[in-house]
Amino acid sequence: MENKQINFFKSKDFNNVLKPFKKGTVVNIENLEVRQRKEELNVGLYGWYAICPSKELKNNQIHYFSLFNEPLLIYRDNNNNIRCIKNICPHRGASFYGGSIKNGELICPYHGARFSSEGSCQNLDRITCSHIIDNNYDNYAKRIHLSQYKAIEIDEYIFIYFSDKSEANLNDLIESSSISNYELINNGFSVEESASEEVLVDFKCDWSRIIENHLDILHIFWVHGDTIPDKDVNKNVLVSFNQKINITTKYIESIYYYKNNPSKEFIRIKYIPPGRILIYKGDPELSRYVQVLDHIPLGENKARVIVRHYRKFLKNKLLNNLILFKEIQKKIFYKIFDEDYMILKTQTYNHKLGLIKKDEIKLLGEDRIINYFWSWYKKSEEKDNPWKFLNNNKELDVYDEIIFKYPPEIKKLEIINNINIIRKTFIRYAAPLIFLLIII
Ligand code: FES
Ligand SMILES: [Fe+2]
């Protein structure tokens, strides 16, 4: 230890630390420590998660999902506020699945208890005999109350603040990180003028593995080389990069420059924990394209990804419709996810079954952002312990059908999109042509 210290004071690093201090100034050791201390992410696994795009949540509809295995639901109340409720009726523990929303109130399918937007039961007499509650109304009303998490709508996404536990009173939930970290405008992007496409896909694999995959720049050349329409992303060309990494309390950003042309940027990846990744090029204000990837830990080996990209080119609606740009973009997304899924499934399987020991995995120097991600993840998991609800009885996956909305085997979504492409191509091109031929 002592040797290490002596070496440090003799080293180049020590000179670098001293450099910014002018000659003749007194350098005190506290300053040195401040300069050496690196910034660290201060967000853990509890925090804001983008759960679904706003347009997925229609009025009077319930959107079911889960976070870290905990069954939840969201809906819009009469004032268009989003409510995120623990999907367990406080009366006798039924799921709200099969229930409904009427006049902004959530109705349980078992005995018909109605809950106001604030979460209090509006018809206690319906679920217990009135002679019991007559003298004790307040006491019962307190007990039969929904448990909630905070929810907010921003940039046309619905965000949930997931924390240690839901509460009857939202004021009792304290946020440890600000929603503003996720707002695109606060990350330098103005997207109002952009066109956008998005897809949602569920994976039967580990949530953290998907994040690792999306932070991994090198696999895209090999796995997606034939799919991504960029001449630089190619299986047969070996491109090498210099990586610059910025770590702050709110995000980690990795910028890749071409090794043979160090001033030319290839791409930037910004990880805003726990679940968001932004991929773009250059200064965000000038960026013509940004891809927003949100990762939702539905449960053990169940994860959802929402990918939306905003682009400032090819925005003309008519042209978009004519060349089926949206559908073709979606086709590319599905193909990319399918290519990743092939790897992610087996990788998760190998890890979960313990077929691979931790020290058999080699993270190399170029994986600095991945390295950082894993040390953050491990620390956050220990600190927050979010996997409280582990389902050890695999027979009891009663929520799977409800929760896997965007089929984990992807193919189904891909096929639906392909049929859509054929249908639209026929209506736009073949049908008018046939019609013309008949007339002639
Ligand atoms: S369990 Fe919901 S009303 Fe009884
Ligand atoms: Fe990938």
Side-chain angles (χ1 to χ4, degrees), residues 62 64 71 73 75 85-102 105-116 119-130 132-133 140-141 143-148 168 199 201-203 205-230 232-235 239 254 256 266-267 269 271 277-279 291-295 303-307 309 329-348 367 369-370 373 398 410 414:
I62 305 176
Y64 301 93
L73 64 89
Y75 70 92
I85 314 290
K86 190 167 163 174
N87 188 4
I88 293 173
C89 178
H91 175 226
R92 253 196 267 151
S95 158
F96 284 105
Y97 188 61
S100 56
I101 307 289
K102 229 182 205 162
E105 291 179 341
L106 177 64
I107 305 174
C108 176
Y110 199 2
H111 307 96
R114 282 192 283 114
F115 295 93
S116 72
S120 58
C121 182
Q122 302 299 295
N123 55 348
L124 275 179
D125 46 348
R126 164 124 215 155
I127 55 176
T128 186
C129 294
S130 47
I132 298 176
I133 54 164
Y140 273 91
R143 275 165 46 194
I144 309 295
H145 197 290
L146 295 177
S147 203
Q148 311 200 30
V199 299
V201 179
D202 290 344
F203 291 91
C205 70
D206 195 86
W207 173 76
S208 51
R209 291 275 153 215
I210 307 183
I211 296 193
E212 179 192 56
N213 176 281
H214 289 149
L215 295 176
D216 175 24
I217 203 73
L218 292 178
H219 88 281
I220 68 167
F221 297 87
W222 194 251
V223 178
H224 311 304
D226 297 333
T227 308
I228 293 179
D230 181 330
D232 281 353
V233 180
N234 189 322
K235 205 171 190 167
V239 191
S254 185
Y256 297 86
F266 172 63
I267 213 150
I269 298 183
Y271 174 49
I277 293 177
L278 306 178
I279 301 180
Q291 188 171 107
V292 184
L293 292 141
D294 283 293
H295 304 76
R304 177 165 299 157
V305 179
I306 309 171
V307 54
H309 70 187
Q329 283 301 299
K330 281 188 173 188
K331 194 176 161 70
I332 296 174
F333 281 145
Y334 287 132
K335 184 136 195 283
I336 290 174
F337 280 135
D338 201 22
E339 288 163 350
D340 280 332
Y341 195 28
M342 183 190 78
I343 311 279
L344 288 164
K345 263 192 296 197
T346 56
Q347 193 188 23
T348 300
D367 299 322
I369 190 165
I370 296 174
F373 165 72
V398 287
I410 298 170
E414 215 183 314

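None of these values were measured; they are calculated from a predicted model. Counting starts at 1 for both ligands and their atoms, following the listed order.
Vertex atom 2 (Fe) of ligand 1; arms to Cys89 SG and Cys108 SG; angle rounded to 10 degrees, 100°.
Of all N/O/S atoms in His224, NE2 sits nearest the Fe ion (ligand 2). If you look at His91 and ask which of its N, O or S atoms sits nearest atom 4 (Fe) of ligand 1, the answer is ND1.
Interface atoms of ligand 1 facing Ala113, defined by a heavy-atom separation under 4.0 Å, are 3 (S).
In this structure a side-chain-to-backbone donor-acceptor pair under 3.5 Å is missing from Asp226 to Lys235.
Residue side and main chain included, His219 places an N/O/S atom under 2.8 Å of the Fe ion (ligand 2). Between the Fe ion (ligand 2) and Asp340 there is an N/O/S contact shorter than 2.8 Å. Not a single N, O or S atom of His111, from either the backbone or the side chain, sits less than 2.8 Å from atom 2 (Fe) of ligand 1.
A salt bridge is defined here as a Lys NZ or Arg NE, NH1 or NH2 lying under 4.0 Å from an Asp or Glu carboxylate O, and Arg209 with Glu212 meets this definition.
Going from atom CD1 of Ile277 over to atom OG of Ser254 covers 11.0 Å, rounded to the nearest 0.5 Å.
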Worked check of ring pair (Phe, Tyr, Trp, His ring centres under 6.0 Å) between His145 and Phe115: CA-CA 8 Å; His145 197 290; Phe115 295 93; 8.0 Å; no
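His111 places a side-chain heavy atom less than 4.5 Å from the side chain of Arg92.
Between His224 and His219, the ring planes lie perpendicular to each other; the angle is over 60°, past the 30° to 60° tilted range.
Closest protein heavy atom to atom 1 (S) of ligand 1: Arg92 N, 3.3 Å.
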